[in-house]
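Working notes for the structure below.
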Amino acid sequence: MEAKKIRSTFIEFFQNKQHQFVPSSPIVVKNDPTLMFTNAGMNQFKDYFLGNEVAKVTRVANSQKCLRVSGKHNDLEEVGVDTYHHTMFEMLGNWSFGDYFKKEAIEWAWELLTEVYKLPKDRLYVSVFGGDQTDGLDKDTEAFDLWKNIISEDRIIFGSKKDNFWEMGDTGPCGPCSEIHVDLRSEEERIKESGFDLVNNDHPQVIEIWNLVFMQFNRIKDGSLKELPAKHVDTGMGFERLVRAIQQKSSNYDTDIFMPFIEVLEAKSGKKYGESEQLDIAMRVIVDHIRAIAFSIADGQLPSNNKAGYVIRRILRRAVRYGYTFLGFQKPFMFELMPLLATNFGEIFPEVASQQDFIAKVIQEEEASFLRTLENGLKILDQIKADMETKSAQVIDGKTAFELYDTFGFPFDLTSLIARENGLSVDEKGFAEEMEKQKTRSRSAAEQETGDWVMVADEEGVEFIGYDHLESESQIIKYRQIKDKKGDRFQLVLDRTPFYAESGGQVGDQGWLKSDSEQIKVLDTKKENDLIVHFVDKLPADTSSVFSATVNAEKRRLTMNNHTATHLLQSALKEVLGDHVQQKGSLVNEELLRFDFAHFSKLTDEEITKVEAIVNTKIRENIALREQRNVPIEEAKKQGATALFGEKYGEFVRVITFDRDFSVELCGGTHVTSTGQIGLFKIISEGSISSGVRRIEAITAAAADAFMNQNLTLVKELQELLKSPKDLKKAVEALIQEKNDLKKEIEGLHGQQTSILKQELANQVAKVGDTNQLFAQVSLPSADALKKISFELKNEFPNLIAVIAAEIDGKPQIAVTISEELVAGKGLNAGNAVRELAKEIQGGGGGQPFFATAGGKNIAGLASVIQKAREMFS
RNA sequence: GGGGGAUUAGCUCAGUUGGCUAGAGCGCUACACUGGCAGUGUAGAGGCCACCGGUUCGAAUCCGGUAUUCUCCA
């Protein structure tokens, strides 16, 4: 069975059991400070389990894009080394939110695996929770009895809390789980040793494929467990492993999910998969990583130098490094896998197909940039090797290797590889120590202490009323304290709030909480999953009182102007540039709007003017806002609403329309009631932030007015300065031209002056024995001229000894020139001479043996410098 | 958020304890050789050595700050 078929079979199977198919949520997580990437199928349903929200549909099935780069079983450096770990993988899952429980979950899982997928029953084992004393939990006999009905008892394993009790965190919903393991070893191996003993033992061929979690408890802060009122089922089956089991391969990479990619690499490198361990690892790394990178970029996370973007960059670089070292790819190559990826995954994940060109471009650019980094590192390493040779050292010290890595991004394993090739070694321990130091430093700088939530009121729901109101009567539900370097702050959650939490690029609201006795400033508002969190710097004295929550209306109004203008801008860009303009990020605050979008070339002045004109026309049309809340997402899409890749949308969405033929967007932000309020729109900058992504910054309303006025005033002032010429630009050009001409002329005159002076000095050169000598006191415009004259004289007279004492800009300066042949022949040294002479002008100096200068403070001493110089060289 | 590096001619880069008159290659301009092109030769233009401040007799070079950028860590 093909992978695609295996996936669709899973979904259809559960659809036939009244499950609704839910598309994968984005692989990149927003609005959750504890998570950068989706790391499990349950992420998008977290709120249901936490009880923050009630599920509208109680039976759901999905295939979730997940990414793991760290964790107990997922170290990035390990991926590709073995044959069954991945960075990006798909998690198939079926879910019950307070609907069916253990019986159905177990029976259906068995049915699907054995009846539909036809996995041989004698290769399957199951585990159930074996109880835990400290938690006072008995064996999960319920699950055991259910399994006993379908599988013989000797294939059921009682597992420990570690393996068979699932918890989301220190607190929250949790429960026992039951895993299904498959033994993929050969017949003869299976005879030698029972698969039963290898379950949960890190055997590469005896692996867990499906985990059925029965969420039935809530762990509260004191560590005890409470029965949940509604019980849930959360299952996760690693798609890649399932495919491997069904296709009977010994490695995930041998399945048709990865093989087509490996074949491309074979063709491109001229090397065969299976030839050597190193080669195989390299190919596995690349075909694994390309998926992680492409899916993340598709969901809007570009490679960058921090946070999630940095994780993507690291993954990409690891792949490039393997390709570079083991497959001989010295030029970008990963991006060429994109068409295949789009074909193979476009059906289930349309975002990679529709953005194929864009993703390829980003990857290519990122590859090229890393190859430059590598090349640069190689150069530095060459330098290091040369240095070591002169010192006949054998070991590259850890500090040097770390510097290469830390500062220049040169991978450590490449350093040690090259060292080995040159008969050298690297101090691995020293490197690790330096690394540890850096980590400690970073951690201590980022340290933040988050206190426990303190419950104030026993409220469930949190109501956002900010679309309609800027003020409300509110009560605090809970609060907690945050401590970091910047000091103490508090986070408050209100039962209802007019404060908009930062989202969709729009900044969070600021404002005040007022009670009868005090007034507290709200500094910022952010989302944590679906919770609206208010940031304040002090806690109210009485947290249980009723507050009037008031949004800073002025700031909100200006922000709304900019947000609506952003929508108009997006539509205008599509009109002018084409439909490939995809939003890649945005920032909307009270000062400006910033809009990043996919486009491959710089916008011309004409294009910018055109975009501005369209937006301003729409503003003047004074189009009324059409706001629809709770529109079914399918209905919204039918209206042609623009949705964002990488944005998580629920079943019901909010649609913002300004002229249904112009701008229809899915958006949770706040907007003006009619476009005329924006007044004026002005683009203030356009540039590139990374390959294939342009950024426009613009301002609106009073800020745009001020900007225009400022520029007009500037022009007016310039005009006045230049006595109102007909053509201002020409006048300035003429001015610059004139200035350059004059500058040249002055330079020429200075040159003449110095050459006249030089001539005079040349006449004063006297022959003393076999040397030519000159001792003179002059006045010069610059130190440069003094230098110039000295060198010219030196070229003119052989065996020259010249001491020129000059007054330059009111300061004394001495130049001593001695021809090279005298330096060599008679051991004269201008540097020594000038230091001695400088004493006369209370200064110091130095230089080379044939030319040296000195400056000082005592201008009256110049005469005695000459006196002393004559004595010195007589 | 924290650390480290880089910024020199249109481009790619040298410039080793502060002192060669700041260089190279490519590119550009002019001329010469050649039937033309490619090519070769000769000559030349092109530098606020990122910016601001400090130390020094003297700073591309040392120190502090700013900007931009690369890189590592969180």
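Because the structure is a prediction, the values reported are computed rather than measured. Just so it is clear: chains get the letters A, B, ... in the order the sequence lines come, proteins before strands, and each one is counted from 1.
Separation of the P atoms belonging to A67(B) and A74(B) is 26 Å when rounded to the nearest angstrom. Remark: the separation of the C1' atoms in G15(B) and A24(B) is 10 Å, to the nearest Å. For G44(B) and A38(B), the P atoms lie 24 Å apart once the distance is rounded to whole Å. If you take atom P in A22(B) and the same atom in U61(B), they sit 14 Å apart, rounded to whole Å. For the P atoms, the distance from A45(B) to C62(B) is 31 Å, rounded to whole Å. Between U8(B) and C72(B), the distance separating the two P atoms is 22 Å to the nearest Å. C11(B) and G27(B) have their P atoms separated by 15 Å, given to the nearest Å. Between A14(B) and G25(B), the distance separating the two P atoms is 16 Å to the nearest Å.
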Under 4.0 Å protein heavy-atom contacts per nucleotide of nucleotides 1-8 of chain B, with B for base, S for backbone only and - for none: BBBBS---
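Residue Ile789(A) holds its CD1 atom at 11.5 Å from CD of Glu796(A), rounded to the nearest 0.5 Å. Here Glu367(A) contributes atom CD and Ile293(A) contributes atom CD1; the two are 8.0 Å apart, rounded to the nearest 0.5 Å.
Taking the charged nitrogens against the carboxylate oxygens, Lys437(A) and Glu434(A) do have a contact shorter than 4.0 Å, which makes a salt bridge.
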Strand RNA chain B as a dot-bracket string - pairs counted if Watson-Crick or G-U with both distances under 3.5 Å, | where the partner lies in another strand: (((((((..((((.....[...)))).((((((.....)))))).....(((((..]....)))))))))))).
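Using a 4.0 Å heavy-atom distance criterion, Arg314(A) is classed as a sugar-phosphate-only contact. Residue Thr373(A) is classed as a sugar-phosphate contact, given heavy-atom separations below 4.0 Å to backbone atoms only. In this structure, Ala838(A) reaches neither bases nor backbone, as no heavy-atom distance under 4.0 Å exists between it and the strands shown. Across all strands shown, Gly409(A) has heavy atoms under 4.0 Å from sugar-phosphate atoms exclusively, and none from any base.
At distances below 3.5 Å, at least one donor-acceptor pair connects side-chain atoms of Asp299(A) with backbone N or O atoms of Ile27(A).
Using a 30° and 60° split on the angle between ring planes, Tyr405(A) and Phe431(A) fall in the perpendicular class, above 60°.
Seen from the ring of Phe851(A), Lys787(A) does not count as a face-on cation partner, given the 6.0 Å and 45° thresholds.
Annotation: Glu528(A), atom CD; neighbour count of heavy atoms from other residues, nucleotides and ligands within 6.0 Å is above 12.
A search for side chain to side chain donor-acceptor pair (under 3.5 Å) contacts involving Glu366(A) returns Arg313(A), not counting sequence neighbours.
In this structure, CZ of Phe37(A) is placed 14 Å from P of A74(B), rounded to the nearest angstrom.
Close to C72(B), at under 4.0 Å from its OP1 or OP2, lies a side-chain N or O of Arg317(A).
The residue from Thr853(A), Asn832(A), Asn829(A), Leu837(A) that alone fulfils the side-chain contact (heavy atoms from CB on, under 4.5 Å) condition with Val816(A) is Leu837(A).
Across the interface with RNA chain B, nearest-nucleotide mapping of Glu792(A) and Ala854(A) shows Glu792(A) to be the residue nearer the 5′ end. Between Phe402(A) and Lys379(A), the one whose closest nucleotide on RNA chain B sits nearer the 5' end is Lys379(A).
Thr87(A) and Asp288(A) are linked by a side-chain donor-acceptor pair at a separation below 3.5 angstrom, with hydrogens and angles left out of the test.
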